[in-house]
Amino acid sequence: MKTSEIRQAFLQYFASQGHEIVPSSSLVPGNDPTLLFTNAGMVQFKDVFLGREQRQSTRATSSQRCVRAGGKHNDLENVGYTARHHTFFEMLGNFSFGDYFKEDAIRFAWEFLTGVMKLPKEKLWITVYQDDQEAEKIWLETMGVDPERFSRLGADSNFWQMGDTGPCGPCTEIFYDHGADVWGGPPGSPEEDGDRYIEIWNLVFMQYDRQPDGELQPLPKPSVDTGMGLERIAAVMQSVHSNYEIDLFVNLLNAAAKVIGTQDLEEKSLRVVADHIRSCAFLITDGVMPSNEGRGYVLRRILRRAIRHGNKLGMKDLFFYKLVKPLVLEMGDAYPELRQAQTQIEKILKLEEEQFAKTLEQGLRILDQELESLQAKQIPGDLVFKLYDTYGFPADLTADIARERELTIDQTGFEQAMHQQKSRSKEAGKFKSGYHDGIEVLTATGFTGYQQSEAPATIT
Ligand code: ATP
Ligand code: MG
Ligand code: MG
Ligand code: MG
């Protein structure tokens, strides 16, 4: 099954169970200034869960574009290292707004996977929140899941929340066993971080609204929010291990390899490039512009990281913007807004690339020189800052290079240098940059996406 067919099959299945098919919303959350990017399918329904907004239908399904490159859910540093993480991905979901609850949510998921997708039950592993006896009973007694492939886990893994505040609740998750060829252990085991058992679907029982002081306030109506990574289920259905081996990515990787002039599709840097073109192109489609603060800075960081990985593959010319076309070929049917924005995206990416290309080589040379005389295993904060300030290297880009050489960066030293510079400048922006957690949005006035003067004319 092609990725696009799986997307369709999912939406159709849930439509046949009375769910309204709702289009993906923007990556820039319209209703939540505290959230960096849309990081899950439930984001556009947040106010419905909170009881602040009414919808005609009490059941919905969607394939939501998501970015996890900052904030509470940040997978930027996983890209290229795991088989399952992207900065941009699509989350398939079904939602109940005070309609069905645990039993139907579990039944639908199980029926979709084992009935519609025809996955063997022996390959599926289940986890529940340790205190959730109700969900446990449904899995073991009603669905007849083998206790061998079942575990109870703590809040770290089985209590889901969108951010530090907002809707949340216990969850139950479904994993797929990719087989003994791959390193890793079942969920809850010491080797769970390996990529053998890959989490495919999370069913969240939305019961609370977390307050800024941490208190859990019950929601008006218990609800359901589920999320399944489209690329992960596609990997399962296409009998490949990594998300980067599914049809969509193979086409994208081939296009990238051709532009860059390499052969090896398993090359980590090529995967990073193919991943990052998706997040960059979609963020621009949704009105985010590269800048030095807020969402725009996250975009710039992803973009520069991609360019550095292209450079690492030996690419000395502009290349990144050339990947927009193959991306549109892959995803333009599902996302007409991407196709519509193609020319703008190319223009913006090319401009950014031209700017960064000027300092990238130089910065890399300085870094290499300094590393030659480096005694410790850590790159000093003032060097990280110099690279940032003079050569436009975001700190996580330097951290990415450091990691390849088995070094770390002095994050605290960098932040101190940064802070000193900031206190020199009186400019108080509405965003605060946190270099590991991404960006904290400090204002409640909403986000406009870019400075008016920089706004691309035709992007809405
Ligand atoms: P993981 O533990 O693998 O990082 P997660 O627990 O952070 O995943 P959830 O927040 O539960 O993920 O999101 C629901 C589903 O979305 C996951 O089960 C997975 O299928 C998918 N997903 C999450 N993060 C990513 C990502 N970075 N890239 C691709 N798919 C993802
Ligand atoms: Mg995660
Ligand atoms: Mg998880
Ligand atoms: Mg999860």
Side-chain angles (χ1 to χ4, degrees), residues 3 6-7 10 24 27 35-43 62-95 105 109 112-113 117 119 124-129 151 153-163 166-176 178 184-189 191-206 224-237 241-246 248-249 271-272 274-276 278-279 282 302 437-438:
T3 302
I6 298 169
R7 188 194 292 117
F10 183 92
S24 168
L27 288 169
L35 192 65
L36 182 64
F37 297 124
T38 296
N39 57 15
M42 56 72 67
V43 169
S62 66
S63 180
Q64 174 67 50
R65 54 183 183 274
C66 296
V67 165
R68 291 192 174 183
K72 182 159 185 64
H73 296 277
N74 185 358
D75 288 322
L76 185 63
E77 283 157 31
N78 287 325
V79 173
Y81 289 91
T82 72
R84 69 186 197 276
H85 288 107
H86 302 298
T87 52
F88 172 96
F89 64 101
E90 283 179 83
M91 195 184 283
L92 302 167
N94 58 289
F95 308 90
F112 180 75
L113 292 177
M117 297 287 110
L119 295 177
L124 299 170
W125 289 61
I126 307 296
T127 67
V128 294
Y129 180 53
S151 51
L153 300 179
D156 287 359
S157 46
N158 284 57
F159 194 95
W160 196 89
Q161 42 196 78
M162 177 197 84
C168 56
C171 64
T172 175
E173 297 195 314
I174 305 171
F175 289 68
Y176 184 82
H178 279 268
S189 75
E191 298 84 29
E192 70 173 356
D193 281 342
D195 267 336
R196 172 171 171 182
Y197 297 84
I198 290 188
E199 177 188 326
I200 52 174
W201 203 344
N202 186 355
L203 318 179
V204 185
F205 306 122
M206 287 293 185
V224 170
D225 148 38
T226 88
M228 171 157 68
L230 173 62
E231 300 79 2
R232 293 191 191 182
I233 182 69
V236 169
M237 294 307 293
H241 171 235
S242 161
N243 285 9
Y244 292 90
E245 296 170 84
I246 66 174
L248 189 154
F249 265 101
R271 290 183 169 185
V272 173
D275 172 88
H276 288 10
R278 297 211 305 165
S279 41
F282 274 97
I302 305 174
D437 293 332

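Order of listing sets the numbers, starting from 1, for every ligand and every atom in it.
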Item to check | Side-chain heavy-atom pair R68, F89 within 4.5 angstrom cut-off | outcome: yes
Next on the checklist: Just to confirm my output: which protein heavy-atom neighbour is closest to atom 4 (O) of ligand 1, and how far is it?
Outcome noted: H85 NE2, 2.7 Å
Checklist outcome for this item: Sorted by chain and number, sequence neighbours left out, side chain to side chain contact (heavy atoms under 4.5 Å, CB included) with E245 holds for V240, H241, S242, R271
Checklist entry - Under 3.5 Å between some N or O of ligand 1 and some N or O of R232? => result yes
Next on the checklist: For ligand 1, which is the ligand I care about here, please tell me if N243 has any N or O atom under 3.5 Å from one of the ligand's N or O atoms.
Outcome noted: no
Item to check | Contact summary for N243 and A235, nearest pair of heavy atoms | outcome: OD1-CB, 4.1 Å
Next on the checklist: Before you tell me yes or no, could you show the steps for T38 and V67 under side chain to side chain contact (heavy atoms under 4.5 Å, CB included), namely the whole-Å CA-CA distance, both residues' side-chain angles and the distance that decides it to 0.1 Å?
Outcome noted: CA-CA 6 Å; T38 296; V67 165; over 6 Å; no
Checklist entry - In terms of atom number and element, which parts of ligand 1 are under 4.0 angstrom from non-hydrogen atoms of E173? => result 6 (O), 11 (O)
Item to check | For L76 against I302, the heavy-atom pair lying closest together | outcome: CD1-CG1, 4.2 Å
Checklist entry - Should one rank Q161, E199, M91 by closest heavy-atom distance to atom 8 (O) of ligand 1, which comes out on top? => result E199
Item to check | side chain to side chain donor-acceptor pair (under 3.5 Å) between D275 and T87, intermediate numbers included | outcome: CA-CA 7 Å; D275 172 88; T87 52; 2.5 Å; yes
Checklist entry - Parallel, tilted or perpendicular: which describes the rings of F282 and F88, with under 30° parallel and over 60° perpendicular? => result parallel
Checklist entry - Per the salt bridge (Lys or Arg N to Asp or Glu O under 4.0 Å) rule, which among R65, R84, R7, R278 passes with E231? => result R278
Checklist outcome for this item: Residues at least two apart in sequence or cross-chain that pass side chain to side chain contact (heavy atoms under 4.5 Å, CB included) with N202, listed by chain then number, are W160, C171, E173, E199, V204
Checklist entry - Counting heavy atoms only, which part of W160 comes closer than 4.0 Å to ligand 1: side chain, backbone, both or neither? => result side chain
Next on the checklist: Nearest 0.5 Å, please: how far is CG in L119 from CG in L124?
Outcome noted: 5.5 Å
Next on the checklist: With heavy-atom distances below 4.0 Å as the criterion, list the atoms of ligand 1 near I200.
Outcome noted: 18 (O), 20 (O)
Next on the checklist: Please classify the N78 to ligand 1 contact at 4.0 Å (heavy-atom distances, strictly less than): side chain, backbone, both or neither.
Outcome noted: neither
Next on the checklist: Give me the residue, atom name and distance of the protein heavy atom closest to atom 27 (N) of ligand 1.
Outcome noted: D75 OD2, 2.7 Å
Item to check | Nearest neighbour in protein (non-hydrogen) for atom 28 (N) of ligand 1 | outcome: H86 N, 3.0 Å
Checklist outcome for this item: Nearest non-hydrogen contact to atom 9 (P) of ligand 1 from the set M42, Q64, R68 belongs to R68
Next on the checklist: Suppose we measure from atom 11 (O) of ligand 1 to each protein heavy atom; which comes out shortest, and what is that distance?
Outcome noted: N202 ND2, 2.8 Å
Checklist entry - Does any N or O in the side chain of T226 come within less than 3.5 Å of the main-chain N or O of N94, such that one atom is a donor and the other an acceptor? => result yes
Item to check | For the Mg ion (ligand 4), every protein N/O/S atom that sits closer than 2.8 Å, waters excluded | outcome: E173 OE2, E199 OE2
Checklist outcome for this item: Applying side-chain hydrogen bond (donor to acceptor under 3.5 Å, both in side chains) to S157 and not counting sequence neighbours gives none
Item to check | Side-chain donor/acceptor of N39 to backbone N/O of H73, under 3.5 Å | outcome: no
Checklist entry - If we only count N/O pairs under 3.5 Å, is G229 in contact with ligand 1? => result yes
Checklist entry - Looking at atom 22 (N) of ligand 1, what's its closest protein heavy atom, distance included? => result F89 CE1, 3.5 Å
Checklist outcome for this item: Contact region, R84 to ligand 1, non-hydrogen atoms below 4.0 Å, reads both
Checklist entry - In this structure, which one of W201, Y197, F175 forms a ring pair (Phe, Tyr, Trp, His ring centres under 6.0 Å) with W125? => result Y197
Item to check | Protein residue, atom and distance nearest to atom 14 (C) of ligand 1, heavy-atom basis | outcome: G227 O, 3.6 Å
